[in-house]
Amino acid sequence: MTGKNGFDELDILRNAKAPTPDEDARARALASAMAAYDGAEKNSAAAQGSAGALRLTDRTIRFWREMMQKKLVAAPALAGLVALPVVGYVGWQMMDELRLATAPGGAARDAVVETRAPERQRVEARQAQEEAEAGSRGGDDLLMAQPAPSPEAAPPAVLYRTMRPASRDMQIGGDAMSKHIAIPAAPTGVAPDLYVAQEDRERFERFGTNPVRAALENPVSTFSIDVDTASYAFARRSLKEGFPPPRDSVRVEEFINYFPYDWAGPQDADIPFNTTVTVTPTPWNENTQLMHVAIKGYDVEQAQKPRSNLVFLIDTSGSMNAADKLPLLKNSFRLLVEQLEADDTVSIVTYAGNAGTVLEPTRVADKAAILAALDGLEAGGHTAGEAGIREAYRLAEASFVEGGVNRIMLATDGDFNVGQTSDEALKRLVEDKRAGGVYLSVLGFGRGNLNDAMMQTLAQNGNGVAAYIDTLAEAEKVLVEEASSSLFTIASDVKIQVEFNPARIAEYRLIGYETRALAREDFNNDRVDAGDVGSGHTVTAIYEVTPVGSPAQMIDDLRYGEATQGAGVSNADEYAFVKIRYKAPGEAASRLIETPVTDANAVADFAGAGDDLRFSVAVAAFGQKLRGTDAVADYGYDRIMEIAAAARGADPFGYRAEFLSLVRLASALEGTR
């Protein structure tokens with residue numbers, strides 16, 4: 001626009017000196033900003049992060065970018081007047097939001113129950129990606145907020161949401177579950193990013209803690225053995241990242257069974273495992289005792305190991321595009337391949353949008369082809385889990401080794417959001433295939449959308465193990481050091497049943513195994529599935545028992561209890577009677593091992609018990625503390641540390657030293673949940 005004298009009026013405005021705002025102008029600007037804030041708060045009916053109501057900093061950043069790109073501010077004078085309240089308010093609001101999101105006791109760190117429809121996840125993921133790309137083209141990143149939770153519930157799985165530190169360059173992958181919150185890039189002259197938070201969405205099965213039971217009313221306890229270790233590895237990662245693990249992620253038996261123990265094993269394969277029972281005083285309650293049941297499986301010699309037919313079923317969806325996911329996964333499987341024999345076969349199936357066969361069954365003698373196929377994997381797309389599992393079973397059945405190891409190794413970071421997505425439907429699928437002799441194990445990777453509930457369902461019903469791989473060291477433990485126990489089954493459908501003698505034991509409580517409980521009648525029913533024991537596996541179960549007459553008894557005696565018991569109880573000198581039922585490989589009928597527990601099994605002083613027993617008890621106490629179990633509420637982490645340190649014993653791989661470190665971390669974080 002040109003004036004009468006030929007001067008550009010915009011030049012006049014552009015070159016004019018900005019007037020100094022008086023106090024009234026400042027007051028009006030502040031009042032206007034606060035009125036806009038109050039109005040946004042009152043009208044934000046949609047949940048935070050939804051398309052209908054962006055966070056206030058999102059709206060401000062978008063307004064700032066549009067104002068600069070469209071040159072709504074033509075003069076520096078006007079720009080200065082507008083920028084001052086805008087920049088100041090953005091900074092204040094951003095710090096306030098970060099303070100709330102990262103406070104140790106803040107609501108953002110609390111576990112919440114939440115589920116989301118897969119289709120909605122995909123739509124929101126595309127919208128988020130488009131917004132991020134648009135922000136990049138405009139020179140500013142958008143502040144990505146999490147979508148609102150769906151009102152649909154899917155118990156017993158629980159979705160936990162926590163906030164934790166993350167690097168600024170984390171990506172938004174192909175799955176909506178992999179969204180992350182990122183701090184927007186600051187305009188020139190504004191302070192750089194201070195903090196980045198990532199929102200985690202993990203699914204864990206909700207379960208309660210085993211109650212105290214009266215031996216006179218409920219003398220029999222029955223459960224399936226559990227050799228999984230995923231719970232401990234996940235808790236370790238959580239603690240090292242600075243926050244306690246969700247209580248439902250803690251399965252105490254998986255803590256105990258994470259560590260190798262030197263229990264006495266069987267002498268030959270005719271008896272697949274040996275049972276050792278010890279009764280000791282309880283460290284956290286002087287008026288109760290611990291009945292410690294330890295099982296050691298027969299260790300198959302290398303020359304006796306059968307051929308293996310393995311299918312690597314690998315999640316290559318977009319959410320796997322992180323250093324602790326697909327890259328770690330590929331290196332983990334490289335370690336396993338190095339342990340296999342030349343006559344073993346490996347197939348590779350991937351799933352992302354659609355399932356695809358990357359490598360047809362290939363003998364390990366052609367190791368280079370297998371490793372090259374692994375190296376070529378890339379992440380991208382959605383998660384077609386059901387199609388991937390079906391393709392993996394097809395390949396496993398096509399290369400089936402009679403009398404050998406036929407196993408699918410599923411490696412994933414989360415949900416199957418294309419095809420059958422319910423845990424129950426997937427459970428039925430692996431149950432049907434299990435009968436044909438093809439088993440399935442699950443390896444979990446990464447954080448953000450780990451579906452632990454699904455992992456447990458598939459592994460338990462696929463006659464496999466569930467492990468969580470957070471480091472290459474953990475991959476070496478699971479796939480190298482414990483390869484034999486993970487792959488070679490020596491006994492299947494292993495169940496334990498303990499009958500307590502009410503003449504000596506008033507009450508008992510099984511520590512852990514809540515998700516493995518069985519009905520009493522299931523013990524003798526060979527059609528009921530249970531856990532498997534692999535070559536050299538150790539399994540430990542611990543009961544806290546209350547002797548008759550102890551002041552620790554929590555349940556009142558029955559009024560007519562003595563009349564019910566009678567005077568002539570057989571085997572009155574026994575504490576309990578332990579029975580183990582199992583199936584030998586390839587057999588449909590179960591076998592039985594029985595062990596009476598008498599005074600000969602008792603140790604008068606806890607300090608006099610072996611290192612392995614005392615260390616396993618320390619681990620049991622630690623797991624109960626993380627779950628918030630009442631029995632150890634007054635037992636401090638310092639006492640757990642004392643027991644574990646004194647019982648550390650031989651520790652060739654450093655697992656027990658690492659445990660001591662975790663106890664210290666948990667103690668420092670106590671009260672922050």
Side-chain angles (χ1 to χ4, degrees), residues 227 269 272 297-315 328-350 355-377 388-389 391-412 430 433-434 436-443 458-459 462-467 469 472 474-492 532-537 585-586:
V227 296
Y298 178 73
D299 200 352
V300 177
E301 298 293 335
Q302 183 68 30
Q304 300 173 300
K305 292 177 180 177
R307 285 180 54 209
S308 295
N309 166 35
L310 303 181
V311 180
F312 298 165
L313 175 55
I314 299 175
D315 181 354
L328 176 60
L329 183 158
K330 293 194 288 186
N331 287 329
S332 300
F333 276 132
R334 289 180 69 94
L335 292 176
L336 176 57
V337 171
E338 295 294 340
Q339 301 303 306
L340 300 176
E341 299 297 322
D343 287 339
D344 296 334
T345 61
V346 170
S347 311
I348 300 178
V349 175
T350 63
T357 299
V358 173
L359 183 72
E360 294 288 343
T362 302
R363 292 177 65 247
V364 176
D366 191 4
K367 188 181 301 182
I370 299 173
L371 297 181
L374 282 172
D375 290 341
L377 299 180
I389 287 184
E391 176 64 12
Y393 275 117
R394 185 190 69 79
L395 289 176
E397 291 164 352
S399 302
F400 190 85
V401 177
E402 197 67 40
V405 175
N406 299 279
R407 187 176 296 274
I408 296 171
M409 307 290 289
L410 167 60
T412 180
V430 298
K433 298 296 184 179
R434 178 187 71 203
V438 178
Y439 299 160
L440 183 143
S441 293
V442 186
L443 306 177
L458 294 185
N463 281 8
V465 297
I469 309 295
L472 195 59
E474 182 66 13
E476 184 179 33
K477 177 182 186 293
V478 173
L479 300 176
V480 177
E481 297 162 18
E482 300 173 356
S484 294
S485 56
S486 299
L487 297 178
F488 306 114
T489 301
I490 60 172
S492 60
D532 297 346
V533 172
S535 171
H537 251 149

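Positions are given from 1, in the same order as the sequence printed here. As the structure is a computational prediction, the values presented were derived from the model and not from experiment.
Remark: R334 CZ to L371 CG distance equals 4.5 Å, nearest 0.5 Å. The OG1 atom of T412 lies 9.5 Å from the CD1 atom of I389; values are rounded to the nearest 0.5 Å. In this structure, CD on E476 lies 12.0 Å from CD on E338, to the nearest 0.5 angstrom. Interatomic distance, CG of L329 versus CG of L472, reported as 11.5 Å (0.5 Å rounding). Residue K367 holds its NZ atom at 14.0 Å from OG1 of T362, rounded to the nearest 0.5 Å. Here CD of E341 is found 11.5 Å from CZ of R363. Values are rounded to the nearest 0.5 Å.
In this structure the side chain of L479 reaches within 4.5 angstrom of the side chain of L443, judged on heavy atoms. For the pair L310/L336, a side-chain contact is recorded, criterion being any heavy-atom separation below 4.5 Å from C-beta on. A 4.5 Å side-chain heavy-atom check between V311 and Y393 finds every atom pair outside the cut-off.
V438 approaches A396 most closely through the heavy-atom pair CG1-CB, 3.8 Å. Here the closest non-hydrogen pair linking D299 and S535 is OD1-OG, 3.2 Å. Closest heavy-atom contact between I370 and V364: CD1-CA, 3.9 Å. Annotation for S308 and D344: closest pair N-OD1, 2.8 Å, computed over non-hydrogen atoms. Nearest approach of I348 to A373, heavy atoms of both residues: CD1-CB, 3.8 Å. Of all heavy-atom pairs spanning I469 and S332, the tightest one is CG2-OG, 3.8 Å.
In this structure, the side chain of T345 does not engage the main chain of P361 through any donor-acceptor pair within 3.5 Å. In terms of modelled atom types and a separation under 3.5 Å, the side chain of K330 and the main chain of L377 share a donor-acceptor contact.
In terms of the salt bridge (Lys or Arg N to Asp or Glu O under 4.0 Å) criterion, D366 has no residue partners (sequence neighbours excluded). Applying the salt bridge (Lys or Arg N to Asp or Glu O under 4.0 Å) test to E474 and every residue at least two apart in sequence or in another chain returns R236. The ring-ring contact (aromatic ring centres under 6.0 Å, His included) test applied to F333 returns F312, not counting sequence neighbours. When the salt bridge (Lys or Arg N to Asp or Glu O under 4.0 Å) test is applied to R307, no partner is found at least two apart in sequence or on another chain. K477 is linked by a side-chain hydrogen bond (donor to acceptor under 3.5 Å, both in side chains) to E482, counting only residues two or more places apart in sequence or in another chain.
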For residues 401-408, run the donor-acceptor check on the side chains, cut-off 3.5 Å, and write out each pair with its distance to 0.1 Å, sequence neighbours left out.
from, atom 1, to, atom 2, distance (Å)
N406, OD1, N309, ND2, 3.0
N406, OD1, V401, N, 2.8
N406, ND2, V401, O, 2.9
R407, NH1, S441, OG, 3.0
R407, NH1, N463, O, 3.3

